[in-house]
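Note sheet for the following structure.
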Protein chains: 2
Amino acid sequence: MNPNAAPVRKQNKRREKEVVILQAAEKIFAEEGFGGATMQLIADAAQLPKANVHYYFSTKEELYRQVVSNIFDVWLQAAGSFEESDGPAEGIGAYIDAKMEISRTRPAGSKVWASEVMHGAPIIQDYLETTLVEWTNSRIQAIEAWIAAGLMDPISPRHLLYMIWATTQHYADFGHQIQTLNHNSPLSEDEWNRAKDSVKTIILKGIGVAT
Amino acid sequence: MNPNAAPVRKQNKRREKEVVILQAAEKIFAEEGFGGATMQLIADAAQLPKANVHYYFSTKEELYRQVVSNIFDVWLQAAGSFEESDGPAEGIGAYIDAKMEISRTRPAGSKVWASEVMHGAPIIQDYLETTLVEWTNSRIQAIEAWIAAGLMDPISPRHLLYMIWATTQHYADFGHQIQTLNHNSPLSEDEWNRAKDSVKTIILKGIGVAT
DNA sequence: ATGCACCCTGACCATTCGGTCAAGAATTTT
DNA sequence: AAAATTCTTGACCGAATGGTCAGGGTGCAT
């Protein structure tokens with residue numbers, strides 16, 4: 001009996017190994033691109049034989065699909081604080097903070113996402129057309145409400161969102177360039193805070209929100 | 001005699017063919033990434049046999065290097081209007097316009113550049129460390145002078161530049177995502193102007209420049 | 001203890017890729 | 001005109017890649 005429930009220990013072990021492979025794959029896909037990444041490189045990064053990786057993820061595309069899907073979830077959840085906030089100062093400020101934090105902690109994921117979209121989103125086009133469109137329209141409505149309430153300037157909510165996405169993700173996707181321009185050293189804790197403050201200050205003032 | 005001067009007709013023909021290959025390569029590298037692009041795809045796009053492409057560019061890396069180098073030049077020249085302007089309203093406004101125009105007319109080039117930097121700039125790292133560092137420091141000085149003259153807020157010039165780069169290039173690099181969010185159709189002339197205006201309005205107001 | 005389902009991996013395969021080459025065509029120089 | 005240089009291209013090659021598979025190992029239920 002109980003034919004459906006697999007042993008708990010085994011299930012955990014399987015999941016743990018999948019996570020190890022997914023993390024290695026995210027790193028390699030970010031560094032090499034989809035075409036440049038090889039299953040051997042991913043297997044080496046995960047410290048497993050290549051055939052073992054293929055046991056958990058049958059094809060390179062299947063593995064890539066799951067990496068991209070994971071990042072998309074993180075991306076969407078970054079705006080949890082958006083709607084439930086009182087006004088633009090708190091809502092947009094927190095959203096910028098959240099997205100900057102993702103750039104700092106998950107730069108590889110951000111690069112994989114950027115690469116996927118840059119190449120025409122061959123894998124996650126359906127998500128863009130459904131989830132992302134809904135998500136965006138919902139945020140645009142929130143911003144329009146703030147504008148109608150006189151809490152901020154009547155700017156284009158859509159282009160404001162693009163600016164926030166672009167600027168925050170730039171710190172991950174172009175992290176190498178930023179590091180080169182920072183005496184070849186990664187941003188320190190203070191420098192990250194300076195970046196966050198700069199982005200928030202300019203954008204919030206730019207849309208007429210007092211801080 | 002005249003052993004050094006090659007025939008003009010032949011030289012022109014060679015240059016023309018190189019340009020055809022470079023344009024095809026820029027498109028394919030943008031669509032497929034360096035690893036995903038194949039010499040056969042590039043040759044097909046240029047409507048030439050693969051061996052003929054190898055006659056003009058001995059290796060894939062050499063071809064890629066020239067594509068990236070071309071884009072870097074465009075990138076730098078976009079700021080010609082920066083220093084010779086009277087103040088931030090004109091200088092930064094014109095710079096944003098120029099960069100938005102590049103995103104509109106050379107999206108493939110922008111993507112190749114983004115891809116190169118995202119993967120650690122393996123080919124043009126030396127340019128980043130020399131030309132780009134000098135270029136950036138020079139612009140930072142100009143902005144600091146404007147701040148000292150009280151023409152704009154005392155924001156971080158460095159992060160302002162990052163924001164301009166990120167936002168303007170976003171319209172090329174993430175053009176597919178923007179198109180998906182625009183009812184699956186490319187931005188019209190009016191929509192491009194709306195985008196330009198939005199970016200300039202928010203950034204210029206954000207740094208305390210009256211327009 | 002024994003059967004069973006899941007896990008592991010070295011060896012292997014077909015395909016594709018970047019790059020070469022030789023032989024001929026076209027164009028310029030003498 | 002004929003020699004010399006440059007251009008063109010089909011055929012080919014070694015290396016690398018994604019994916020397969022057989023055979024053995026491991027841990028759980030009965």
Side-chain angles (χ1 to χ4, degrees), chain A residues 1-22 24-29 31-68 112 119 122-123, chain B residues 1-22 24-29 31-68 112 119 122-123:
Chain A
M1 54 193 60
N2 193 11
N4 289 329
V8 175
R9 289 254 298 280
K10 274 224 162 162
Q11 256 192 343
N12 283 348
K13 201 176 173 188
R14 178 174 193 109
R15 185 61 200 152
E16 281 168 22
K17 215 152 189 185
E18 283 174 356
V19 168
V20 167
I21 295 170
L22 284 168
E26 182 176 291
K27 184 187 168 213
I28 299 298
F29 281 133
E31 288 174 359
E32 310 289 339
F34 179 81
T38 70
M39 293 302 274
Q40 188 63 62
L41 273 175
I42 294 170
D44 290 349
Q47 289 183 299
L48 291 172
K50 190 183 68 159
N52 202 357
V53 175
H54 272 289
Y55 175 76
Y56 288 98
F57 300 91
S58 55
T59 69
K60 184 181 171 184
E61 220 181 282
E62 168 64 16
L63 176 53
Y64 175 73
R65 186 189 307 274
Q66 292 207 25
V67 169
V68 172
V112 173
H119 298 139
I123 300 294
Chain B
M1 55 193 56
N2 191 12
N4 290 328
V8 175
R9 289 252 300 281
K10 273 225 161 161
Q11 256 192 345
N12 284 347
K13 201 176 171 188
R14 176 171 195 112
R15 186 61 200 153
E16 281 167 23
K17 217 153 189 185
E18 282 174 355
V19 168
V20 166
I21 295 170
L22 284 168
E26 181 175 291
K27 184 186 167 211
I28 299 298
F29 281 134
E31 288 173 359
E32 311 290 340
F34 179 81
T38 69
M39 293 302 274
Q40 188 62 63
L41 273 174
I42 293 170
D44 290 349
Q47 290 183 300
L48 291 173
K50 191 184 68 161
N52 203 356
V53 176
H54 273 289
Y55 175 76
Y56 288 98
F57 300 91
S58 55
T59 69
K60 185 181 173 185
E61 224 182 280
E62 169 63 16
L63 177 53
Y64 176 73
R65 185 189 307 275
Q66 292 207 25
V67 169
V68 172
V112 173
H119 298 139
I123 301 293

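Values reported hereafter were calculated over all heavy atoms of this structure, with side chains retained and with hydrogens, waters and symmetry mates removed. Source: prediction; values computed, not measured. Letters A, B, ... mirror the listed sequences (proteins, then strands); counts begin at 1.
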How many Å lie between [atom1] on [X] and [atom2] on [N], as a whole number?
| X | N | atom1 | atom2 | value |
| --- | --- | --- | --- | --- |
| A/I21 | C/dC8 | CD1 | C1' | 12 Å |
| A/Q47 | C/dT9 | CD | C1' | 16 Å |
| B/E61 | C/dC17 | CD | P | 18 Å |
| B/Y55 | D/dT8 | OH | C1' | 9 Å |
| B/I42 | C/dC17 | CD1 | C1' | 12 Å |
| B/E62 | C/dG19 | CD | P | 11 Å |
| A/K17 | D/dT26 | NZ | P | 12 Å |
| B/D44 | C/dC17 | CG | P | 11 Å |

**OP:** Looking at every strand, decide which applies to B/Y56 at a 4.0 Å heavy-atom threshold: base, sugar-phosphate, or nothing.
**Re:** sugar-phosphate
**OP:** Evaluate the criterion side chain to side chain contact (heavy atoms under 4.5 Å, CB included) for residue pair A/F57 and A/L22; output intermediate values, then yes/no.
**Re:** CA-CA 10 Å; A/F57 300 91; A/L22 284 168; 3.9 Å; yes
Original post:
Within less than 4.0 Å of OP1 or OP2 of D/dT6, is there a side-chain N or O belonging to B/R14?
Top reply: no
Quick check: closest heavy atoms across [X] and [Y], and the distance to 0.1 Å?
| X | Y | answer |
| --- | --- | --- |
| A/I21 | A/A46 | CA-CB, 4.3 Å |
| B/L41 | B/E32 | CD1-CG, 4.2 Å |
| B/H119 | A/E31 | CD2-O, 3.3 Å |

Original post:
Is it true that the NZ or CZ of A/K60 lies under 6.0 Å from the centre of A/F34's six-membered ring and within 45 degrees of the ring axis?
Top reply: yes
Can you name the atoms? Protein N/O to nucleotides 16-18 of chain D N/O, anything below 3.5 Å, with the distance.
unit_1: D/dG18; atom_1: OP1; unit_2: A/A37; atom_2: O; d: 3.3
unit_1: D/dG18; atom_1: OP1; unit_2: A/K60; atom_2: NZ; d: 3.2
unit_1: D/dG18; atom_1: OP2; unit_2: A/M39; atom_2: N; d: 3.0
unit_1: D/dG18; atom_1: N7; unit_2: A/K50; atom_2: NZ; d: 3.1

**OP:** Give a yes or no on whether a salt bridge exists between A/R15 and A/E18, defined as a side-chain N under 4.0 angstrom from a carboxylate O.
**Re:** yes
